[in-house]
Amino acid sequence: MTLQEKIADLRTSALEKLPKIADEKTLNDFRVSVLGKKGKLTDILKGMKDLSNEERPKLGALANEFRDEITSLLESKKSEIEALIIAKKLENETLDVTLPGKKVTKGNRHILTQTTEEIEDIFLGMGYQIVDGYEVETDYYNFERMNLPKDHPARDMQDTFYITSDILLRTHTSPVQARTMDAHDFTKGPLKMISPGRVYRRDTDDATHSHQFHQIEGLVIDENIAMSDLKGTLDTLVKKMFGAERKIRLRPSYFPFTEPSVEADISCFKCGGKGCNVCKMTGWIEVLGAGMVHPNVLEMAGIDSKKYSGFAFGLGQERIAMLRYGINDIRGFYLGDARMSEQFK
Ligand SMILES: [Zn+2]
């Protein structure tokens, strides 16, 4: 058999096998076995050394022609196989609309956030501004500006976390009042603000105490502000929060930054005042502390206490939420158990 005949044979068998190949690996094996360095074509061409000078180029041309033909066929076969793979993949990935979907769980805002926003809405409706403050405060703003000089015994009521002897985690939102008073321009109108936020006390956590909790502090300063303005404001607040039938009762109390100071009680929303377990049989529930701003607090902010007066109040979102929803352990707000929040969607 001549070398030409051998190439013709190889071509015949290659053209027969190639169309039957259906995967990339077989195709590659085929290429190596026919055109590779140790393949059949190389093998045939080894016989070229026995050819005459005339025959050799002819055979070379024939071999190149064969190689080009097979190479081009291999290329198109390869594309064909790749197209098949993609088609098959697409077929397997067909969307089955009858399958049940993956459930996406939807979160909701924490009950303390909801309570804060509800109170904010009430005061925005009465023309108050909402002011944010620092959780890390100075002793000066947290205590001294609230009429609690160093060594004042009432500081013990608010034992806090000190960072240095002058820097601490705020024990109440009151420093925001002092900072807002400093910045307010009374020629442009009265000061009416609330400040919600997180506060810290060095308390041991139990069902009714937490080392961190929330407060909303309110402050109004203008000429001729009287106790009746405070009472009217608190009355509006508790009626919106706890129901239009609620009555309010003010009892004398003590805070260093207000004079006079009061605790505000509301008539029990569960029994209507007859006495029950929520109001501990008294008919009244304590909800917040308030008072007329102490003249010292005004003067320290550079406000003339002969000309201006004001009232302030503070309430705790945890206490409000616990009362309204019958939550009996304050730690529930902070444990991060989603079941707690899911109840308040
Ligand atoms: Zn009651």
Side-chain angles (χ1 to χ4, degrees), residues 108-123 125-126 128 157-158 172-173 194 196 198-199 201 203-218 227-255 258 260-292 311-335 337 339-345:
N108 61 294
R109 284 166 311 153
H110 195 281
I111 186 59
L112 291 178
T113 307
Q114 294 184 39
T115 305
T116 302
E117 288 178 355
E118 193 183 334
I119 298 169
E120 284 177 357
D121 280 346
I122 293 170
F123 282 100
M126 293 193 276
Y128 285 60
M157 289 158 63
Q158 298 189 6
H172 46 191
T173 42
I194 58 164
R198 198 176 291 130
V199 302
R201 304 257 174 111
D203 255 335
T204 306
D205 293 1
D206 62 23
T208 53
H209 295 85
S210 173
H211 64 280
Q212 65 165 49
F213 54 99
H214 293 75
Q215 274 189 347
I216 290 191
E217 185 110 357
M227 197 80 181
S228 52
D229 297 311
L230 169 62
K231 193 172 180 187
T233 304
L234 297 182
D235 198 49
T236 306
L237 172 66
V238 300
K239 281 183 162 64
K240 288 201 164 145
M241 294 289 295
F242 291 96
E245 336 61 270
R246 297 285 78 77
K247 287 194 215 39
I248 195 163
R249 178 177 82 174
L250 302 182
R251 280 182 293 113
S253 183
Y254 169 74
F255 303 109
T258 46
S261 303
V262 292
E263 299 277 359
D265 301 335
I266 57 163
S267 55
C268 181
F269 50 83
K270 193 180 174 193
C271 65
K274 286 191 222 78
C276 71
N277 62 327
V278 173
C279 58
K280 296 181 185 117
M281 305 311 289
T282 63
W284 295 93
I285 301 169
E286 184 185 325
V287 286
L288 55 88
M292 301 306 292
F311 65 77
F313 57 88
L315 63 157
Q317 287 91 311
E318 281 85 351
R319 174 148 178 81
I320 300 288
M322 287 169 87
L323 281 172
R324 291 173 89 191
Y325 305 111
I327 298 164
N328 52 20
D329 193 326
I330 196 171
R331 290 169 292 195
F333 292 116
Y334 298 107
L335 292 178
D337 187 335
R339 290 172 301 179
M340 170 86 178
S341 284
E342 278 163 8
Q343 300 171 66
F344 303 108
K345 271 184 186 170

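Only heavy atoms go into these numbers, but all of them, side chains included; no hydrogens, no water, no symmetry mates. Note that ligands are numbered from 1 as they come in the structure, with each ligand's atoms numbered from 1 the same way.
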side-chain hydrogen bond (donor to acceptor under 3.5 Å, both in side chains) against [X], all qualifying residues, sequence neighbours excluded:
| X | result |
| --- | --- |
| Asp337 | Arg339 |
| Thr233 | none |
| Thr113 | none |

Nearby protein N/O/S atoms (those under 2.8 Å) for the Zn ion (ligand 1), with water ignored: Cys268 SG, Cys271 SG, Cys276 SG, Cys279 SG
Could you tell me whether the side chain of Leu237 reaches within less than 4.5 Å of the side chain of Leu288, counting heavy atoms only? yes
Do the side-chain N and O atoms of Thr116 and Gln317 include a donor-acceptor pair separated by under 3.5 angstrom? yes
Aromatic plane relationship, Tyr334 with His214 - under 30° parallel, 30 to 60° tilted, over 60° perpendicular: parallel
